[in-house]
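Excluded from the calculations below are hydrogen atoms, water molecules and symmetry mates; all remaining heavy atoms, backbone and side chain alike, are included. Below, chain A is the first sequence line, B the second, and so on; all start at residue 1.
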Amino acid sequence: MDEQQAFFSRELLRWYHENRRDLPWRRGHNPYYTWVSEIMLQQTRVDTVIPYFERFISKFPTATALADAKEEDVLKAWEGLGYYSRARNLQAAAREVKERYAGEVPDDVAAVSSLKGIGPYTAGAIMSIAFNRNEPAVDGNVMRVLSRFFRLHDDIAKPSTRVKIEKVARALIPDGHASHFNQALMELGALTCTPKSPSCLLCPVMEHCEGRLAGEELLLPIKTKAKPPKPEVRFAALVEGMGRHEGQLLIRKRPDTGLLARMWELPHVLAQKQTSKGSTTQEAAMDQVRELLFQEGIHAEPVEAYCDAEHTFSHIQWQMRVYRCKALSEMALPPGYAYIEREHMAEYAFPNLFVKLIQGYFEEQQSVRNG
DNA sequence: AACGCGGGGAT
DNA sequence: ATCCCAGCGTT
């Protein structure tokens, strides 16, 4: 360890000793508390997590208690925290801990890493914080602090950068002080070396911070922005049933894999570009809807433009033009298709944009009927 | 390597 | 109202 590294570790630990926050999971040394708190803290701020953590621990005080709980009770305790697969994975892992490790979180990095929901960061956090093992725990805070202090220009959005920074972080751990050191690193990122306006003048390691000395503290860490979602114009068919399907709407189920797997939706198709400018005339759009219905084996035809709707995913933005269509017969439905009425919407899982579209349609129909 | 997964705070 | 935050599992 060179002088700059030794300085960093020494001063950071000294600072942490006086500035650490008193958090519920820091009272005592319970590996289960560390584990639960680290899962909750993924993508979630400390202030939000505290009340959830207190309630969760009082309901499920041990890994075995969590393993024995009903999943719906666990999800209920997680309600509002978001990313609910964290809760399912946490309980699945608790069941494995109960079965394979007699209900005790194993003091073994390979065993901890193999548990559901525990990736490289969380494994390092548990091993270091709970068991004081010399494992790095590199989260976004740590990448920011170390990128600035050592003036690393690697793109922290790349997975390979986390691996590189883990090597840097591992080398900095003062032997026998992994628990406090790793927590100190994250605490500094949360309290002082913040993303937008770091409080460099209050920082215990500012004298040797290469990023600040180079005037780059606001430039670092380098992080490529996610590319903006690619717009996709789509034409959707709002098919109104006839005869015994009067007042009902035609929906279809998405494929088993990929985007929105097994969710229900209105039938729609990616727009084919009609002009050099990429725009599409009303007639051409209706033709494409007619072609969609034909291809899908649906005996119906477009009537008129109904509305526009937009939905943004991480990489795609759907710009949907919805065409009202009318069924021309009480045809047999192709596989994966169904007619739906207002009262039965709760039985089908729809992405939000279709919930809005379909509910909007039914409400409009009802107000028409009510005069 | 790209993508999906919620909610909250900052602006 | 819009931007930003960010670890893990799946594909």
Side-chain angles (χ1 to χ4, degrees), chain A residues 34-53 74-94 96 109 112-129 135-147 154-166 169 182 185-186 189-191 193-199 218 220-230 232 254-263 265 310-318 349-353 355:
Chain A
T34 304
W35 178 19
V36 171
S37 69
E38 288 300 336
I39 299 297
M40 286 185 171
L41 286 164
Q42 290 168 8
Q43 283 83 38
T44 312
R45 288 173 162 73
V46 164
D47 289 347
T48 305
V49 164
I50 289 173
Y52 279 94
F53 177 83
V74 177
L75 287 173
K76 193 69 190 167
W78 208 270
E79 192 176 83
L81 263 185
Y83 285 108
Y84 299 97
S85 65
R86 293 186 297 174
R88 293 179 208 278
N89 287 338
L90 178 60
Q91 191 185 27
E96 189 170 351
V109 66
V112 164
S113 298
S114 73
L115 294 171
K116 258 199 155 63
I118 297 184
Y121 163 71
T122 309
I126 293 172
M127 294 314 295
S128 60
I129 296 172
E135 292 290 332
V138 175
D139 68 353
N141 286 314
V142 174
M143 288 202 281
R144 184 172 60 255
V145 169
L146 296 183
S147 293
D154 304 80
D155 178 4
I156 64 165
K158 288 169 54 180
S160 57
T161 300
R162 197 209 75 236
V163 174
K164 173 176 173 176
I165 293 184
E166 276 174 352
N182 283 355
L185 208 41
M186 292 187 271
L191 299 180
C193 194
T194 53
K196 300 282 186 208
S197 49
S199 307
L218 293 178
L220 292 168
I222 307 289
K223 184 180 183 182
T224 55
K225 289 197 171 91
K227 51 183 174 185
K230 180 181 154 202
E232 279 185 7
R254 293 183 59 84
D256 282 341
T257 56
L259 184 69
L260 304 173
R262 292 191 288 276
M263 308 275 284
E265 64 179 4
E310 207 173 86
H311 189 76
T312 307
F313 302 92
S314 40
H315 283 70
I316 310 169
Q317 183 188 46
W318 282 352
F350 295 99
N352 215 318
L353 87 155
V355 171

> CD of Q42(A) to OH of Y83(A): how many Å apart, nearest 0.5 Å?
Replying inline: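 Here the interatomic distance stands at 10.0 Å.
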> Want to settle it: does Y52(A) or P159(A) sit nearer the 5' end of DNA chain B, counting the closest nucleotide to each?
Replying inline: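 Residue closer to the 5' terminus by nearest nucleotide: P159(A).
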>> Let me spell it out: for each of Y84(A) and S197(A), pick the nucleotide of DNA chain B with the closest heavy atom. Which residue's pick is nearer the 5' end?
In response: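 Whichever sits nearer the 5' end wins; that is Y84(A).
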> Can you give one letter per nucleotide of nucleotides 2-9 of chain C, 5' to 3': B if a protein heavy atom sits under 4.0 Å from the base, S if only from the sugar-phosphate, - if neither?
Replying inline: --SSBBSS
>> What is the separation between atom CH2 on W78(A) and atom P on dG7(B), rounded to the nearest whole Å?
In response: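 So the two atoms are 13 Å apart, to the nearest Å.
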> Starting at CD of E79(A) and ending at P of dG6(B), how long is that distance when rounded to a whole Å?
Replying inline: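 After rounding, the reported distance stands at 13 Å.
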Looking only at atom types and distance, does a side-chain atom of [X] sit under 3.5 Å from a main-chain N or O of [Y], one as donor and one as acceptor?
X: S128(A); Y: G124(A); value: yes
X: R144(A); Y: G189(A); value: yes
X: W35(A); Y: I39(A); value: no
X: D154(A); Y: I156(A); value: no

> Nearest heavy-atom pair of A137(A) and V142(A): which atoms, and what distance?
Replying inline: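 Looking at all heavy atoms of both residues, the closest pair is O-CG2, 3.5 Å.
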> On a whole-Å scale, what distance lies between the P atoms belonging to dT11(C) and dG6(B)?
Replying inline: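 Approximately 16 Å lies between the P atom of dT11(C) and that of dG6(B).
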>> Measuring only the C1' atom in each nucleotide, how far is dG9(C) from dG8(B)? A whole number of Å is fine.
In response: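 Rounded to whole Å, the distance is 23 Å.
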